[in-house]
Amino acid sequence: MQFLHTMVRVSDLDASLHFYCDLLGLKEVRRKENEKGRFTLVFLAAPEDEARSERLTAPELELTYNWDPEEYTGGRNFGHLAYRVDDIYALCQKLQDNGVTINRPPRDGNMAFVKSPDGISVELLQKGDALEPQEPWASMENSGSW
């Protein structure tokens with residue numbers, strides 16, 4: 001398992017970039033605009049992690065800016081932790097066998113979401129290429145929120 005990033009939602013991207021980059025000294029390493037989803041993702045790395053981030057896309061801070069205004073309450077501004085895993089199906093099965101709800105099953109063989117006992121969302125991403133879709137995951141519905 002490898003730690004990838006922590007995601008926080010931001011309401012003012014420019015103010016957040018000023019804080020994280022200009023004041024704290026993080027570096028923007030990549031940006032993704034998604035017009036259909038109406039959001040921007042900005043990935044930041046600490047100066048000593050910049051080369052590693054470019055090579056491994058980790059460890060990073062992901063700023064998520066939703067274009068439509070939203071008030072973040074109850075910790076909604078904190079998004080999730082993300083980990084790259086060797087076998088997403090095996091890990092999801094282990095978690096499920098131990099009573100963990102798979103909130104967003106790995107239908108695509110690539111991504112799943114679960115929650116910690118304290119309700120923190122954890123994103124699981126398949127290492128390398130996505131695995132071939134397989135049951136029971138391929139037809140499993142989402143459960144709750146993540």
Side-chain angles (χ1 to χ4, degrees), residues 1-131 133 137 140-146:
M1 183 181 289
Q2 177 188 18
F3 177 76
L4 299 177
H5 63 260
T6 297
M7 184 271 267
V8 294
R9 289 179 176 85
V10 300
S11 56
D12 182 329
L13 185 57
D14 291 333
S16 295
L17 288 171
H18 173 69
F19 173 78
Y20 288 107
C21 296
D22 299 337
L23 302 179
L24 286 181
L26 299 180
K27 307 288 185 183
E28 182 174 333
V29 292
R30 70 182 181 290
R31 181 182 291 235
K32 295 180 183 179
E33 304 276 342
N34 187 312
E35 289 205 26
K36 184 177 178 183
R38 301 188 47 72
F39 63 84
T40 301
L41 304 179
V42 179
F43 292 86
L44 308 176
E48 290 184 23
D49 290 324
E50 194 171 3
R52 186 171 167 210
S53 169
E54 289 175 14
R55 214 173 54 253
L56 303 172
T57 64
E60 297 172 336
L61 174 63
E62 173 190 330
L63 302 181
T64 296
Y65 172 70
N66 292 308
W67 300 353
D68 299 317
E70 181 179 340
E71 185 176 329
Y72 300 120
T73 59
R76 173 110 170 92
N77 60 319
F78 176 79
H80 60 263
L81 301 174
Y83 292 92
R84 184 173 291 128
V85 301
D86 290 330
D87 185 332
I88 197 164
Y89 294 141
L91 182 55
C92 284
Q93 189 63 58
K94 177 182 178 180
L95 292 167
Q96 188 173 48
D97 290 349
N98 284 277
V100 175
T101 299
I102 309 300
N103 301 103
R104 194 281 191 193
R107 289 183 293 273
D108 56 4
N110 184 56
M111 179 180 67
F113 276 90
V114 298
K115 283 191 176 179
S116 76
D118 295 305
I120 301 297
S121 290
V122 179
E123 179 181 17
L124 306 172
L125 293 166
Q126 175 60 43
K127 185 177 184 178
D129 294 334
L131 302 178
W137 315 109
M140 189 180 288
E141 296 292 322
N142 292 343
S143 175
S145 65
W146 62 86

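Here the structure is a predicted model, which means the values were calculated and not measured.
In plain terms, the two heavy atoms of Ala46 and Leu26 that are nearest each other are CA-CD2, 3.5 Å. Of all non-hydrogen atoms in Phe113 and Ser121, the two that sit nearest each other are CD2-CB, 4.4 Å. Here the closest heavy-atom approach between residue Arg9 and residue Gly79 is recorded as NH1-CA, 3.7 Å. Closest approach of Ala130 and Asn110 over heavy atoms only: CB-CB, 3.8 Å.
Rounded to the nearest 0.5 angstrom, Cys92 SG and Ile102 CD1 are separated by 4.5 Å. Rounding to the nearest 0.5 Å gives a distance of 13.0 Å between NE2 of His80 and NZ of Lys115. Distance check: Glu123 CD to Met7 CE gives 8.5 Å after rounding to the nearest 0.5 Å. Annotation: the span from Leu81 atom CG to Ile120 atom CD1 amounts to 7.0 Å, rounded to 0.5 Å. Once rounded to the nearest 0.5 Å, the distance linking CG of Asp49 with CD of Glu60 reads 9.0 Å. Rounding to the nearest 0.5 Å places CG of Leu63 at 10.5 Å from CZ of Phe19.
The side-chain heavy atoms of Leu124 and Pro106, taken from C-beta on, include no pair separated by under 4.5 Å. Looking at Leu23 and His18, their side chains come closer than 4.5 Å, going by heavy atoms from C-beta outward. Using a 4.5 Å cut-off on side-chain heavy atoms (C-beta onward), Asn142 and Pro105 make contact. Side chains of Leu4 and Leu125 form a contact here, defined as non-hydrogen atoms less than 4.5 Å apart. Counting only heavy atoms from C-beta outward, the side chains of Arg31 and Glu28 approach each other to under 4.5 Å. At a threshold of 4.5 Å between non-hydrogen side-chain atoms, the residues Lys127 and Val85 do not count as touching. No side-chain heavy atom of Thr40 sits less than 4.5 Å from a side-chain heavy atom of Asn34. Side-chain contact between Trp137 and Gln96 is present, with at least one heavy-atom pair separated by less than 4.5 Å.
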**OP:** Applying side-chain contact (heavy atoms from CB on, under 4.5 Å), run through Glu62 and Val8 and close with a yes or a no.
**Re:** CA-CA 6 Å; Glu62 173 190 330; Val8 294; over 6 Å; no
**OP:** Run the numbers on Lys32 and Val42 for side-chain contact (heavy atoms from CB on, under 4.5 Å), then give the verdict.
**Re:** CA-CA 7 Å; Lys32 295 180 183 179; Val42 179; over 6 Å; no
**OP:** Could you walk me through whether Tyr65 and Phe39 pass ring pair (Phe, Tyr, Trp, His ring centres under 6.0 Å), step by step?
**Re:** CA-CA 6 Å; Tyr65 172 70; Phe39 63 84; over 10 Å; no
Subject >> Residues Tyr83, His5; criterion side-chain contact (heavy atoms from CB on, under 4.5 Å); working and verdict >> reply: CA-CA 8 Å; Tyr83 292 92; His5 63 260; over 6 Å; no
**OP:** Would you sort out whether Phe43 and Leu61 count as a side-chain contact (heavy atoms from CB on, under 4.5 Å), showing the intermediate values?
**Re:** CA-CA 6 Å; Phe43 292 86; Leu61 174 63; over 6 Å; no
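Ser143 and Glu141 share no side-chain donor-acceptor pair at under 3.5 Å. Between Lys27 and Ser53, the side chains place no donor N or O within less than 3.5 Å of an acceptor N or O (distance only, hydrogens not considered).
Remark: the backbone N or O of Met111 is paired with a side-chain donor or acceptor of Arg104 at under 3.5 angstrom. Although no hydrogens or angles enter the test, the distance criterion places a donor-acceptor pair under 3.5 Å between the side chain of Gln126 and the main chain of Ile88. Remark: side-chain polar atoms of Asn66 are not paired, donor with acceptor, to backbone N or O of Asp68 under 3.5 angstrom.
At a threshold of 4.0 Å, the pair Arg30-Glu54 does not count as salt-bridged, since none of the basic side-chain nitrogens sits closer than that to a carboxylate oxygen.
For Asp129, the CG atom sits in a loose shell: 12 or fewer heavy atoms of surrounding residues, nucleotides or ligands are nearer than 6.0 Å.
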